[in-house]
*Asks:* 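Sharing a structure below in structure tokens format, with a few things to ask.
Proteins come first, then strands; the chains are lettered A, B, ... in the order of their sequence lines, and each starts at number 1.
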Amino acid sequence: MKNYKLIKYLFILLVINTSCSDLLIQPEDDTALKMEDFNAIRDIVEENYPYLDFKNIDWDEVYNEYLPRIANSKGDEYLNEIVSFLGELEDGHVGYQLKSGYVRTYDLPRVLEDKFTYKPELVRSYFDSELILTGNNHINYGKAADNIGYIRIETFDNEDRFWVHDIDQAFIDLKSTDGLIIDVRHNGGGCTCVANYVTRRFLNEPLKLPGVIRKGVFYEEEEPLTPHTPVPYENNVVVLINGVSFSATEVFARDMKTIDRVTLIGKTTAGGGGATQYFDLPSSAQIRLTFQNSLKYDKTPIEWNGITPDIVIEQSKDDVENGIDKQFEYAIQFLKDK
Amino acid sequence: MNRFITITFFLTIFQYGFSQETDKDKPQFSITLSTGLSQVALKDKTISSEKYSGSLTPISIVFNKEKENSSWRLYLNYSSGLPTNYNIKAELNDFNIGWDYSYNLKSFQLFGNHPTYLFGGFSPNLLVYYRKQNIAEPGQFLYAAKLLFNMSGNAGFYGYLTKKVSYNLTTHLNLFTYEIGVESEELDTQIVSQASTGFSTPIFRSAFSLNYELINGLKLGIGYNFKYVKHDELRMSSDSFLFSLTKKFGKS
């Protein structure tokens, strides 16, 4: 009898336990917090985003379109709606930051177009010896055929602000070359402070920067970009750019284009201009938003327009798959003929 | 971190010291393979506060060694599946590897004078939780991952209902945990680590199984496992129904 009682208790324990997983984790109703986040995003964009007029976006209309979608979204469908809402800005810099990761809200058309038209490994196949890797592995350099120097800068990120100083050794090693290629294709940007470090090494005179617009007000850059003396490289230079050259890389291309002995070759850059800032939302999430309109020298925005090359050289995914880097080959020939 | 490693090391040595074989001990080995169906419910606020639930497929392998007054088990459990929240799916992988050392604390007779043993001991174990979630468009994912090194206590009893049917009830409760996790902040992914006790971050597991001896040394079993993990912003609970096959080696 005692044994049957034990079995009975075990059975009851089993039945209770089988529904435990669902009972122990209860859903939370945070609809109000989600709406607070949504409204906060509306206000932050309205107050800070510099391109609403330029992009002809009626932000109130966008908000009203998304209001029922957000209100009716169930559970985490809300995350997708918020990403779509921010995606209406069509800005490669804008993102949604959660504790578990960063979500891009928009891919610029030229980024998508050129995504598979460049492979750094392919460039390496043009060299007889291994390229030298330096600057926290962000810089590759070497000497190509016909005594042409090559430096690839894969990012302008300033996570370790001193890595870019290693480029000075590359200039020393390549000083005797007849021309130099700076390859910033697929460079997704970073800090203009890093980009400026490189640009200054090619300037012969101070460069007055074109200024920025914040909250509708134009601000002159206080200080011009000053040349680094002595100029470490004085021969002709090609900067290779493409549709995945983005953000600070576009500022780099813009400024390099002003120098007479520098020629931009490749395709128009992505069109992501401007400084960004993280804004806190009522929940623990954040949004990353462009708050400053970075201008080109003709006072039009870099945003969407990008920096156009002096010489356009198309390059397709098929070219890359067939082992041909047309842009690199053209740059070598161009410098050789100069 | 160092303190955790030191304590785990000494407890492991301590247990090995007690588990040295003697000629008197005639060890029995068994290997159990099991699979079945799990129901999981979880909330991980590093992604969102929404509840995800659904079924997982668990598989498990256990190596068990029994001696006169003690036993140890090396086990490896893995579950994976796609729990959902409305139309949103998350890919979940849950992995647990551990080692139980148990002493027979008391024996008594139940169910027609069949022997029943009460046991208790320690269990260092590692729990790996990994969630990957597509968001907004194909190819964009959010990730949440945790590595939890636990020192748990185990207790339970096992015995026989009849000559051929045995049962086993085991519970584990963590005493302290050392976590290594991944967090993302402003485009940077960072590795974070922290230590906690079982009071602040309870991890509880219980398992009940019934085994029928088909032929000498080969057992067929059914079982139920329950697991609850509360750690920082993660709450996860699962019920699993398992079918198992156990092969015994060595003499009784």
*Asks:* Holding to side-chain contact (heavy atoms from CB on, under 4.5 Å), I want the full list of residues that pass it with Glu321(A), two or more places apart in sequence or in another chain.
*Replies:*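 Checked Glu321(A) against side-chain contact (heavy atoms from CB on, under 4.5 Å); matches are Lys317(A), Asp318(A).
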
*Asks:* Is it the case that over 12 heavy atoms from other parts of the model lie below 6.0 angstrom from the NZ atom of Lys55(A)?
*Replies:* yes

*Asks:* Can you confirm whether more than 12 heavy atoms, excluding those of Phe108(B), are under 6.0 Å from its CZ atom?
*Replies:*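 Enclosed.
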
*Asks:* Is Asn85(B) reaching over with its side chain to a backbone N or O of Asp76(A), donor-acceptor style, under 3.5 angstrom?
*Replies:*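 Between the backbone of Asp76(A) and the side chain of Asn85(B) there is a qualifying donor-acceptor contact (under 3.5 Å).
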
*Asks:* I'd like to know if Arg235(B) and Glu28(A) make a salt bridge, using a cut-off of under 4.0 Å between side-chain N and carboxylate O.
*Replies:*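 Answer for the salt bridge query: no.
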
*Asks:* Would you say the side chain of Leu79(A) lies within less than 4.5 Å of the side chain of Ile88(B), judging by non-hydrogen atoms?
*Replies:*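 No, side chains not in contact.
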
*Asks:* With side chains defined as the heavy atoms from C-beta onward, is the minimum distance between Glu50(B) and Asp30(A) less than 4.5 Å?
*Replies:*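 A side-chain contact exists here, since the closest heavy-atom pair is under 4.5 Å.
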
*Asks:* Would you mind checking which part of Ser53(B) comes under 4.5 Å of any heavy atom in chain A, side chain (CB onward), backbone (N, CA, C, O), both or neither?
*Replies:*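 For Ser53(B), the side chain is the part near chain A, not the backbone.
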
*Asks:* Let me know if Asp107(A) has heavy atoms under 4.5 Å from chain B in its side chain, its backbone, both or neither.
*Replies:* side chain

*Asks:* May I ask you to check whether over 12 heavy atoms, not counting those of Glu61(A), lie within 6.0 Å of atom CD?
*Replies:*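 Atom CD in Glu61(A) is not crowded, with 12 or fewer foreign heavy atoms closer than 6.0 Å.
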
*Asks:* Can you give me the closest heavy-atom contact between Leu142(B) and Tyr102(A), atom names plus distance?
*Replies:* CD2-N, 4.3 Å

*Asks:* Can you list the residues that meet the ring pair (Phe, Tyr, Trp, His ring centres under 6.0 Å) rule with Tyr96(A), with sequence neighbours excluded?
*Replies:* none

*Asks:* How long is the gap from CZ on Phe226(B) to CG on Leu24(A), to the nearest 0.5 Å?
*Replies:*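 Reported value, rounded in 0.5 Å steps: 5.0 Å.
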
*Asks:* Under 4.5 Å from any heavy atom of chain B, what part of Gln26(A) do you find: side chain, backbone, both or neither?
*Replies:* backbone

*Asks:* Is there a side-chain contact between Arg104(A) and Gln140(B) (heavy atoms, below 4.5 Å)?
*Replies:*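 Arg104(A) reaches Gln140(B) side chain to side chain.
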
*Asks:* Between Lys43(B) (side chain) and Ile25(A) (backbone), is there a donor-acceptor pair under 3.5 Å?
*Replies:* no

